Amino acid sequence: MPSNENQGSASPFVSFGRSFLSIRREQVHSMEANHDPNAQESEIELFLRLISNRFHDLSVVSADELLSLAWMRKLLDAFICCHEEFRVILLNNKVQVSKPPLDRLVAEFFDRCLKALDICNATRDGIEKIRQWEKQLEIVLSAMDSRQRMMGEGQFRRARKALMDLAIAMLDEKETGSIFSQRNRSFGRHQSSKDHRHRPPGHSRSLSWSVSRSWSAAKQLQSIANNLVPPRGNDISATNGLAVPVFAMSYVLMFVLWALVAAIPCQDRGLQIHCSVPRHFSWGAPFILLQERIMEEAKKRERRNSSGLLKEINQMERCASQMTDLVDSVHFPLTDELKTEAGQQVQEITLVCEALKSGLDPLERQVREVFRKIMNSRTEGLEFLGNMNNPE
């Protein structure tokens, strides 16, 4: 069921925003008017080059930037940009989209889009968990406020309790069935109390409206990756090459979701999915490099048991561990050396909290935008296919 929000917006198959490829596309449309057989090929090449360029930029960032909040926002921005261009290709080739085998390939893409909505919802919950963890660090900062005339045992006890609560919360996240999975809020609508009363107990098949305790991010990713294979030669020729951008966009969708699950706390996270990397496509090179770099991060000793590979989570864990060691070893009265060390730890925690405060809200807004774009384009696309197959 589509969201009731944004119903006043234009249909993605009727109206779409300007893109940086608009000038080149006008040239393509001009060639189409003259029945130039190279017009469609040019549009496909532009789209594949866009994918290659955007993800190449993401693949060559420094180690400090990879998997940071800023990098995740760039990743989602790349997805939104590619998704917009893909919608334009479908719009420009509506007749072929309605015919086999392209109609089947596009329908499979929309099926993956439906499954993607759950991961968007789970990502939103993961962002909310990080916010809760950040609040515990703020309590530590409040307790260790350097503006206080003296640091006493009470302040350290308060900081220690907040650090213990943070450690317990992060440890609980590594187990399935956290409380967040029971109160997931979909981007499509706000659940009322009435909705909750009538939800069947033990509901496990959420598909965009909720994520149950038995839901698994790893299994959801694998279901999206299943049968995601490069198009066969006869499919490419039968679709005049359009099977390639459909496969490319499907792979982009799967990869972006995989990166979200890798970085953000999710229920039953897992990065080992069975999906062939498109090595023989020129646009596949950045994905190979990104996959290798992300897996290398996951294999690092300090990241193996982490709740997520997001850089800021790693910084939070490191700061919390160092501060815990400090408050556990402190003796009163405080020495000047301990006061200096505590001040340094507070400064580091302050930087982490500031990064989280400034980065989490924009990231959540982008995840919401991805959710709505996927949902709206899928709804309108399926309506278009249905109308073409069942003309009145």
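Heads up: numbering here begins at 1 and tracks the sequence. Values in this document were obtained by computation on a predicted structure and should not be read as measured data.
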Give a yes or no on whether the backbone of [Y] and the side-chain of [X] come within a donor-acceptor separation of less than 3.5 Å.
X	Y	value
Arg269	Val261	yes
Gln267	Ala217	no
Trp258	Leu221	no
Asp77	Arg73	no

Query raised in the report: Angle class for the Phe287/Tyr251 ring planes (parallel below 30°, perpendicular above 60°, tilted otherwise)?
Result: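 Taking Tyr251 first and then Phe287, their aromatic rings stand perpendicular (interplane angle over 60°).
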Query raised in the report: When the ring planes of His83 and Phe79 are compared, do they come out parallel, tilted or perpendicular, using 30° and 60° as the limits?
Result: parallel
Between [atom1] of [X] and [atom2] of [Y], what distance do you get to the nearest 0.5 Å?
X	Y	atom1	atom2	value
Asn226	Met254	CG	CE	10.5 Å
Cys81	Leu76	SG	CG	13.0 Å
Thr379	Phe110	OG1	CZ	9.0 Å

Report task. May I ask you to say whether Asp111 pairs ionically with Lys115, meaning some side-chain N is under 4.0 Å from a carboxylate O? Result -> yes
**Report entry** Side-chain ion pair, Asp172 and Lys129, N-O less than 4.0 Å
**Finding:** no
**Report entry** All salt bridge (charged side-chain N to carboxylate O under 4.0 Å, His left out) counterparts of Lys339, not counting sequence neighbours
**Finding:** none
Query raised in the report: Are Glu369 and Lys373 side-chain neighbours, meaning at least one heavy-atom pair lies under 4.5 Å?
Result: yes
Report summary line: Test side chain to side chain donor-acceptor pair (under 3.5 Å), reference Gln132, set Glu134, Gln136, Glu128, output is Glu128
Query raised in the report: Can you list the residues that meet the side chain to side chain donor-acceptor pair (under 3.5 Å) rule with Glu292, with sequence neighbours excluded?
Result: none
Query raised in the report: Is it true that atom CE of Met295 has more than 12 heavy atoms of other residues, nucleotides or ligands lying nearer than 6.0 Å?
Result: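 Yes, the 6.0 Å shell around CE holds more than 12 heavy atoms from other groups.
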Query raised in the report: Side-chain donor-acceptor pair under 3.5 Å between Ser142 and Arg158, yes or no?
Result: yes
Report task. Could you check Glu297, Glu317, Glu302, Glu65 and say which one makes a salt bridge (charged side-chain N to carboxylate O under 4.0 Å, His left out) with Lys311? Result ->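 With Lys311 as partner, salt bridge (charged side-chain N to carboxylate O under 4.0 Å, His left out) holds for just one option, Glu297.
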